Enquirer: 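After the structure tokens below, expect a handful of questions from me.
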Amino acid sequence: MRPIEHSTESQFHKAAQDKWLVELFNKQDYRGLLEAALVLNTLHQLERTKSAWAIREAANNLADQFGLDRDSA
């Protein structure tokens, strides 16, 4: 299995987000930090849902391909 690698673009995006959050904190913009936290939490939950869906789809496709019944295992 190949490891997950973050692209250069992803690394720059993370650095920009980190800088933005630190700036909000340094300005004591707690409402801004709360809003950012809520957005980031929503995005995190979306990624968890997409990951679970992809895993389930892959497992079902492999089971179908090899004629296996996942529920009887």
Side-chain angles (χ1 to χ4, degrees):
M1 180 180 283
R2 289 175 283 153
I4 295 175
E5 295 180 7
H6 296 283
S7 67
T8 302
E9 179 183 357
S10 175
Q11 292 174 17
F12 281 128
H13 184 72
K14 181 191 178 307
Q17 290 285 3
D18 288 350
K19 182 180 180 212
W20 174 58
L21 293 170
V22 169
E23 287 173 359
L24 289 174
F25 177 79
N26 287 339
K27 291 190 302 187
Q28 296 183 345
D29 182 357
Y30 300 118
R31 179 167 296 284
L33 278 173
L34 174 60
E35 291 172 4
L38 293 172
V39 168
L40 293 172
N41 186 49
T42 298
L43 294 173
H44 173 70
Q45 296 308 318
L46 177 60
E47 290 303 314
R48 288 174 47 103
T49 299
K50 290 185 332 187
S51 295
W53 174 84
I55 291 166
R56 193 170 45 254
E57 284 293 306
N60 287 336
N61 289 338
L62 285 171
D64 290 345
Q65 181 179 358
F66 293 103
L68 302 172
D69 179 10
R70 290 184 59 227
D71 296 326
S72 65

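The structure displayed is predicted, hence computed values, not measured ones.
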Enquirer: Identify, with sequence neighbours excluded, every residue that meets salt bridge (charged side-chain N to carboxylate O under 4.0 Å, His left out) alongside Glu23.
Expert: Lys19

Enquirer: Is it the case that one hydrophobic cluster holds both Trp20 and Phe25, taking links as side-chain heavy atoms less than 4.5 Å apart, direct or via other members?
Expert: yes

Enquirer: Looking at every non-hydrogen atom in both residues, tell me the closest pair between Ala36 and Leu24 and how far apart they are.
Expert: CB-CD1, 4.4 Å

Enquirer: Can you give me the closest heavy-atom contact between Leu21 and Leu40, atom names plus distance?
Expert: CD1-CD1, 4.1 Å

Enquirer: Atom CZ of Phe12 and atom OG of Ser10: how far apart are they, to the nearest 0.5 Å?
Expert: 11.0 Å

Enquirer: Among pairs that include at least one residue of residues 39-48, which meet side chain to side chain donor-acceptor pair (under 3.5 Å), considering only residues two or more places apart or in two chains?
Expert: Glu47-Lys50

Enquirer: Quick check for you: to the nearest 0.5 Å, what is the distance between Leu68 atom CG and Asn60 atom CG?
Expert: 11.5 Å

Enquirer: Heavy-atom count around Glu57 CD within 6.0 Å, excluding the residue itself: above 12?
Expert: yes

Enquirer: Looking at CG of Leu38 and CG of Leu33, how far apart are the two atoms once the value is rounded to the nearest 0.5 Å?
Expert: 11.0 Å

Enquirer: Can you give me the closest heavy-atom contact between Gln11 and His6, atom names plus distance?
Expert: NE2-O, 3.3 Å

